[in-house]
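For reference, positions follow the sequence shown, starting with 1. Since the model is a prediction, treat every value here as computed from it, not as a measurement.
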Amino acid sequence: INVNLKEGKPAGFMGDVKIYVGNIAFECHEDDILAEFSRIGPVGDVSLVRDEEGRIRGFGFVTMRSKEDGQKAIDALDGMPVRGRKIAVRESNN
């Protein structure tokens with residue numbers, strides 16, 4: 001919150017770009033995805049979609065704080081192997 005306020009953004013600001021991440025290995029955790037995207041730039045949020053029993057469904061969303069870092073992440077990470085599976089990375093439709 002303090003970073004957002006310091007940058008003149010709303011307290012709840014997560015980022016400028018929401019990115020879809022698909023083909024995520026079922027063994028992955030949010031920290032695995034966060035580690036990869038954080039190499040590109042500041043990450044506002046990571047959310048992996050889970051089923052009713054808490055198992056990862058193989059996709060999720062990452063919010064990058066800037067549009068520039070979002071595009072860099074798409075370019076750099078699409079097709080990159082994470083825990084044995086090549087992730088699909090593209091801008092989210094929603």
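- A pairwise comparison of heavy atoms in A25 and V82 identifies CB-O, 4.2 Å as the closest pair.
- Not counting sequence neighbours, the partners of D45 by the side-chain contact (heavy atoms from CB on, under 4.5 Å) test are M14, S47, T63.
- Side-chain N or O atoms of D78 include one that pairs as donor or acceptor with a backbone N or O of V89 at under 3.5 Å.
- If you take CD1 on I24 and CD1 on I33, they are separated by 4.5 Å, rounding to the nearest 0.5 Å.
- Summarising the geometry, atom CG belonging to L34 is positioned 11.0 Å from atom CZ belonging to R39; distances are rounded to the nearest 0.5 Å.
- For R85 and F26, the positive end sits near the middle of the six-membered ring, less than 6.0 Å away and at most 45° from its axis.
- A side-chain contact (heavy atoms from CB on, under 4.5 Å) with V46 is found for exactly one of H29, E30, E36, namely E30.
- Across all their heavy atoms, A76 and I40 have their closest contact at CB-CD1, 3.8 Å.
- Side-chain contact check for V21 versus F37: some heavy-atom pair is nearer than 4.5 Å.
- I87 and I74 fall within the same hydrophobic cluster, defined by Ile, Leu, Val, Met, Phe, Trp and Tyr side-chain heavy atoms under 4.5 Å apart, directly or through other members.
- Put simply, I56 and I19 are part of the same group of oily side chains (I, L, V, M, F, W, Y) that touch within less than 4.5 Å, one to the next.
- Proximity of a side-chain donor or acceptor of R83 to a complementary backbone N or O of E27 within less than 3.5 Å is detected.
- The existence of a salt bridge linking E7 and R65 is confirmed by a sub-4.0 Å separation between a basic side-chain nitrogen and an acidic carboxylate oxygen.
- Closest approach of M64 to A73, counting heavy atoms only: CE-CB, 4.4 Å.
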